[in-house]
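So that the names make sense, note that chain A is the first sequence line, chain B the second, and so on, each numbered from 1. Excluded from the calculations below are hydrogen atoms, water molecules and symmetry mates; all remaining heavy atoms, backbone and side chain alike, are included.
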Amino acid sequence: MNTEFAPLLIAWQRRHGRHELPWSGSREPYRVWLSEVMLQQTQVATVRAYYARFLERFPDVHALAAAPLDAVLALWAGLGYYSRARNLHACAQAVAALGGFPRTAAELEQLPGIGRSTARAIAAFCFDERLSILDGNVKRVLARLLAFEQDTAQARAQRELWALADALVPTRAADMPAYTQGLMDLGSTLCTPRQPRCGECPVAVLCQAQTQGRQAELPVKSRRLTRGRREHWWLWLERAEDQALWLQQRPAKGVWAGLWTLPLFDSEPELQALLPGQALELLPRIEHALTHFDWVLHPRRARWPQGEPELPGRWVAREELPRYGLPAPLRKLLG
DNA sequence: AACCCGGGGAC
DNA sequence: GTCCCAGGGTT
């Protein structure tokens, strides 16, 4: 098994793998790093447009390091997991100070926003380091290939999977890019969560799940989190003279960290208290699903005659909005 | 070890 | 609706 798997996967990747992605085949650390971070928990289809915009605006790590954090967040807005943007910026500055990206996974992993798997992906693609990634794709491929029965959410299972993954890497270092890409491509295009296409799989002959007909049962994942529910009232305040919006920046931690949003209130009376006696326009509720809770937002629209409300934030002119990072539901609300 | 962090694609 | 996604950071 150890010696048969990699050659089969590599040959398949070169012929049938994905070669048309914007970052395919790149060995430039900046481009590889940017793609890997954007692709964390985010699908290829979503990343494409963001990746192109980032490269255009920040062609290299020095351009990114020199940019204000707010400009990075504005460009990241809508992609989710905003700590990635903050860490991306901090990482760019660290790399610029170092004079370039480190060339080993161990060193890369010390940088902000680069964990074990991302560090190894960069090291494999750019520097041929013989260490395996372990993302969602690889966990699924390994669990099926080896009929790995443990709950992959458990720490012990993770440790074993890392060791198993490293035991499968190819002998020749120069094969690491194709091999690493092959793991991702296999998990993404054939060894899919549901209805895997085992008939086309290059390693079906080695696959214990395929032999046992248990593809649908593997991998085993336990964690089932209970989703909460939050409800807020959202004040859409427009200045009478020019329709400027009152926006406030979110704290550096928590949901929508660093993004700009309409003021949020825990109740309607709290919101109304800012505009005594004034009629509010009730807009349809917005239901926004996040990973850990469902968020119900009640937009209330009002005009502000002149001056400033007694709230944190600032007036933002309509034409200035593109320079601000707005969360996806607000972008939709404003149309 | 458990929890937090977005948004959307695919079914 | 549910599951998943080229995971990492914090507590």
Hey, can you pull the donor-acceptor pairs under 3.5 Å for the side chains in residues 262-272 of chain A, sequence neighbours left out?
from: A/D266; atom 1: OD1; to: A/H232; atom 2: NE2; distance (Å): 3.1
from: A/S267; atom 1: OG; to: A/E270; atom 2: N; distance (Å): 3.3
from: A/E268; atom 1: OE2; to: A/R300; atom 2: NE; distance (Å): 2.5
from: A/Q272; atom 1: NE2; to: A/L275; atom 2: O; distance (Å): 2.9
from: A/Q272; atom 1: NE2; to: A/Q278; atom 2: O; distance (Å): 3.0

More than 12 heavy atoms of other residues, nucleotides or ligands under 6.0 Å from CD of A/Q195: yes or no?
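No, the 6.0 Å shell around CD holds no more than 12 heavy atoms from other groups.
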Greater than 12 external heavy atoms within 6.0 Å of A/R103's CZ
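Check fails, neighbour count at 12 or below.
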Exercise answer: donor-acceptor pairs, residues 116-126 of chain A side-chain atoms, under 3.5 Å, sequence neighbours excluded:
from: A/S117; atom 1: OG; to: A/L134; atom 2: N; distance (Å): 3.1
from: A/T118; atom 1: OG1; to: A/Q40; atom 2: NE2; distance (Å): 3.1
from: A/R120; atom 1: NH1; to: A/S132; atom 2: O; distance (Å): 2.9
from: A/R120; atom 1: NH1; to: A/D166; atom 2: OD1; distance (Å): 3.0
from: A/R120; atom 1: NH1; to: A/D166; atom 2: OD2; distance (Å): 3.2

Reading nucleotides 5-11 of chain C from 5' to 3' and marking B where a protein heavy atom lies under 4.0 Å of the base, S where only the sugar-phosphate is that close, and - otherwise, the string is BBBSS-S
Return yes if some donor-acceptor pair links the side-chain N/O of A/R239 with the main-chain N/O of A/V316 below 3.5 Å, else return no.
no
Is the side chain of A/R144 donor-acceptor paired with the backbone N or O of A/Q215 at a distance under 3.5 Å, no angle test?
yes
Going by the ring pair (Phe, Tyr, Trp, His ring centres under 6.0 Å) test, which pairs reach into residues 127-168 of chain A, not counting sequence neighbours?
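Sorted result for residues 127-168 of chain A: empty, none.
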On DNA chain B, check which nucleotide each of A/Q154 and A/A289 is closest to and give me the residue with the more 5' one.
A/Q154
Please determine whether a side-chain nitrogen of the Lys or Arg among A/E281 and A/R303 lies less than 4.0 Å from a carboxylate oxygen of the Asp or Glu.
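Salt bridge between A/E281 and A/R303, a charged N being under 4.0 Å from a carboxylate O: no.
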What interatomic distance, in whole Å, is found between [atom1] of [M] and the corresponding atom of [N]?
N: C/dG8; M: B/dG8; atom1: P; value: 23 Å
N: C/dA6; M: B/dC4; atom1: P; value: 24 Å
N: B/dG6; M: C/dC3; atom1: C1'; value: 15 Å

Test of understanding: with side chain to side chain contact (heavy atoms under 4.5 Å, CB included), list the residues that count as partners of A/R15, not counting sequence neighbours.
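In terms of side chain to side chain contact (heavy atoms under 4.5 Å, CB included), with neighbours along the sequence ignored, A/R15 is linked to no residue.
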Which residues pass the side chain to side chain contact (heavy atoms under 4.5 Å, CB included) test with A/P7, sequence neighbours left out?
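Side chain to side chain contact (heavy atoms under 4.5 Å, CB included) check on A/P7 returns nothing, list empty.
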Take the protein atom CD of A/E287 and the nucleotide atom C1' of C/dG1, then report the distance between them rounded to whole Å.
13 Å
Let me check something: any side-chain donor-acceptor pairs from residues 56-73 of chain A under 3.5 Å, sequence neighbours excluded? List them with distances.
from: A/D60; atom 1: OD1; to: A/H62; atom 2: N; distance (Å): 3.0
from: A/D60; atom 1: OD1; to: A/A63; atom 2: N; distance (Å): 2.8
from: A/D70; atom 1: OD1; to: A/Q249; atom 2: NE2; distance (Å): 3.1

List, one per line, each side-chain donor-acceptor pair under 3.5 Å for residues 168-180 of chain A, sequence neighbours excluded.
from: A/R172; atom 1: NH1; to: A/D175; atom 2: OD1; distance (Å): 3.0
from: A/R172; atom 1: NH1; to: A/D175; atom 2: OD2; distance (Å): 3.0
from: A/D175; atom 1: OD1; to: A/R14; atom 2: NH2; distance (Å): 3.3
from: A/Y179; atom 1: OH; to: A/L168; atom 2: O; distance (Å): 3.4
from: A/T180; atom 1: OG1; to: A/M176; atom 2: O; distance (Å): 2.8

Interface residues of residues 48-77 of chain A with DNA chain B (non-hydrogen, below 4.0 angstrom)
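Hits under 4.0 Å, by residue number: none.
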Tell me which residues in residues 325-335 of chain A put a heavy atom below 4.0 Å from DNA chain B, sorted by number, or none.
A/P327, A/A328, A/P329, A/K332
Students should find that the nucleotides of DNA chain B closing off the region near chain A, any atom under 4.0 angstrom from a heavy atom, are B/dA1 to B/dC11
Show every side chain to side chain donor-acceptor pair (under 3.5 Å) that has at least one partner inside residues 73-94 of chain A, sequence neighbours left out.
A/T42-A/R84
